[in-house]
Amino acid sequence: MSPLRVWYADGPDSPRTSPRDAVAAAGLDDGADLDVMLDVTLGWTIEPHPWLDDTTLSITTVLAGYGLARAVNAGRVTALPVRLSAVPSRILANPPDVAVVTGVRRGDHCAFSTAVGWGDVLARTAERVVVEIGLTAPDLGGPLVEGQIVATLERPMPVGPMPTAPAASRVADSIDLSIGATVAALLPEEPTLQFGPGGIAEGIARSIDQPVRIWSGLVTDAVAELHDRGLLIEPAVAAYTWGGEPIERLAEAGMLRLSSSTVTHDLSAISAIPRFVGCNTALQVGLDGAVNLERVGDRIVAAVGGHADFSAGASRSVGGMSIVALRSTTRTGESTIVPRVDVVSTARSDVDVVVTEHGIADLRGVSDTERARRLIAVADPVHRDGLSRL
């Protein structure tokens, strides 16, 4: 008997229901022993669910990191290096037996709540759909869940404390604000911006002093604060949200449009937007401009996600640019500007500008030798001589 293929939609509110409970709710548990017959695929998951430790499940993720990092590094979850924009095609090529998505009630229908991602493709494609209903989750105006919905379940309570959005859990410090101000100074007039969570992204948002548009994978409270300051030209477009009451206010004001990742991460759509600026970060930047955001040595930290999609699209936008902004050192003092990255997550050809607290390395239109010189100039001073000797 072939294993049942169970896919989970992703995002900060990704489903908590265990795979066995989801299969039972879908009506596929006929009393047979399903312990070794469930093939589970996950995306972005911020909570370390207890069932990740179930060794009888075969679990794969197309976006490691956050709540999955420990299970991946322990070998309990297999991580695949996949661009976020490529996930829908994988679903369509081999439709799952069961899709588990999170939603809210909207009249007689179910709608996506705080995230859509590729959940819409998953729901339309799967043979059976189980919707986990968040009774207290906000309705941010996302699209309806379409597909063969066979069951709805009440969203279980979290087992432990819920992780909060990085931008909400840590106030941007002086280094974040310095890097953010440098990035903001590079922006063209009326740009369309993409950035994610974290202190540097918050630093960028706080430093913006001109009207902007947002087209992003993720919207956090920092984007809502741009609207509060009167700087959002039109509704922010995103596949995911991660935040609190400010996000709800943004939606209530009609300034948020939740959309599928097939739209937000589409390379042709991104590159067609004039003055599109992708603002991303990294674990390492090599002296050739290549970016690593996945692992340090053999330890998985994060995943490709939408980084490669937005970097490529921004680098092709007329008047736009692909920016990678990062601190020059790790918490332990190691240089983030390195001779060669541990793994290439985003190609050097898709990185235009690198920003650290020490300045700007504009890599556009220069040779590899000059790229290395400019990158060394924005490395931490302690490490510059060592990088120059390589």
Side-chain angles (χ1 to χ4, degrees), residues 1-11 13-68 71-72 74-103 110 112 115-133 145-153 155-156 239 260-262 265 300 303-305:
M1 177 180 177
S2 298
L4 289 173
R5 301 183 63 252
V6 183
W7 274 67
Y8 279 63
D10 69 341
D13 67 343
S14 59
R16 298 177 182 140
T17 302
S18 74
R20 289 199 192 89
D21 288 344
V23 167
L28 294 177
D29 184 355
D30 59 0
D33 182 4
L34 295 174
D35 285 356
V36 295
M37 296 185 293
L38 295 187
D39 187 351
V40 180
T41 302
L42 308 174
W44 180 23
T45 306
I46 68 168
E47 298 177 74
H49 302 300
W51 45 264
L52 292 174
D53 294 329
D54 186 343
T55 58
T56 65
L57 297 173
S58 174
I59 307 177
T60 300
T61 180
V62 292
L63 205 155
Y66 290 95
L68 300 178
V72 168
R76 295 191 300 273
V77 174
T78 300
L80 303 180
V82 182
R83 286 174 179 254
L84 200 148
S85 63
V87 175
S89 64
R90 298 176 75 94
I91 296 169
L92 292 167
N94 195 4
D97 299 293
V98 178
V100 190
V101 305
T102 307
C110 298
F112 289 99
V116 182
W118 34 263
D120 61 327
V121 177
L122 184 61
R124 288 197 301 268
T125 306
E127 291 187 12
R128 302 184 184 206
V129 180
V130 175
V131 183
E132 189 180 273
I133 300 293
V145 179
E146 300 177 351
Q148 298 299 316
I149 299 175
V150 297
T152 58
L153 302 174
R155 181 166 171 77
S260 170
S261 63
T262 59
H265 291 69
I300 297 292
V304 176

Taking every heavy atom of A26 against every heavy atom of V150, the minimum-distance pair comes out as CA-CG2, 3.7 Å
Within residues 78-90 or reaching into it, pairs that qualify as side chain to side chain donor-acceptor pair (under 3.5 Å) - sequence neighbours excluded
R83-D309, S85-D309
If you look at every heavy atom in D97 and E127, which pair is closest and at what distance?
O-CB, 3.6 Å
Specify the closest pair of heavy atoms between A93 and P95, including all atoms of both residues, with the distance to one decimal.
C-CD, 3.8 Å
Separation between OG1 (T61) and OH (Y66), nearest 0.5 Å, reads 12.5 Å
Please report the interatomic distance OG(S14) to CG(L63), rounded to the nearest 0.5 Å.
11.0 Å
All heavy atoms of P19 vs all of Y8, minimum pair found to be N-OH, 3.0 Å
Among V100, T45, D10, L42, side-chain contact (heavy atoms from CB on, under 4.5 Å) partner for P15
V100
Considering residues at least two apart in sequence or located in another chain, which fulfil the side-chain hydrogen bond (donor to acceptor under 3.5 Å, both in side chains) criterion with D21?
S18
Mind running salt bridge (charged side-chain N to carboxylate O under 4.0 Å, His left out) on R20 and D54 for me, showing each step along the way?
CA-CA 11 Å; R20 289 199 192 89; D54 186 343; 2.7 Å; yes
For the residue pair I59 and R76, establish whether any side-chain heavy-atom pair is separated by less than 4.5 Å.
no
Partners passing side chain to side chain contact (heavy atoms under 4.5 Å, CB included) against L153 (at least two apart in sequence or in another chain)
T17, A25, V130
Quick one: list whatever passes ring-ring contact (aromatic ring centres under 6.0 Å, His included) with W7, sequence neighbours left out.
W118
So V98 and L4, do their side chains get closer than 4.5 Å, heavy atoms only?
no
Under 3.5 Å, is there a donor on one side chain and an acceptor on the other for S260 and D120?
yes
Among all residues two or more places apart in sequence or in another chain, which pass the ring-ring contact (aromatic ring centres under 6.0 Å, His included) test with F112?
none
For the student: nearest non-hydrogen atoms of L84 and P88, plus distance:
O-CD, 3.6 Å
Going from CD1 on I91 to OG1 on T125, what distance comes out if it is rounded to the nearest 0.5 angstrom?
6.5 Å
Approximate separation, where rounding is to 0.5 Å, of E132 CD and T102 OG1:
5.0 Å
To the nearest 0.5 Å, how far apart are NE2 in H49 and CZ in R16?
7.5 Å
Please list, chain by chain and in numerical order, all residues satisfying side chain to side chain contact (heavy atoms under 4.5 Å, CB included) with I133, sequence neighbours excluded.
R105, C110, V131, L135, T152
What heavy-atom pair brings V101 and A9 nearest, and what distance separates the two atoms?
CG1-CB, 3.8 Å
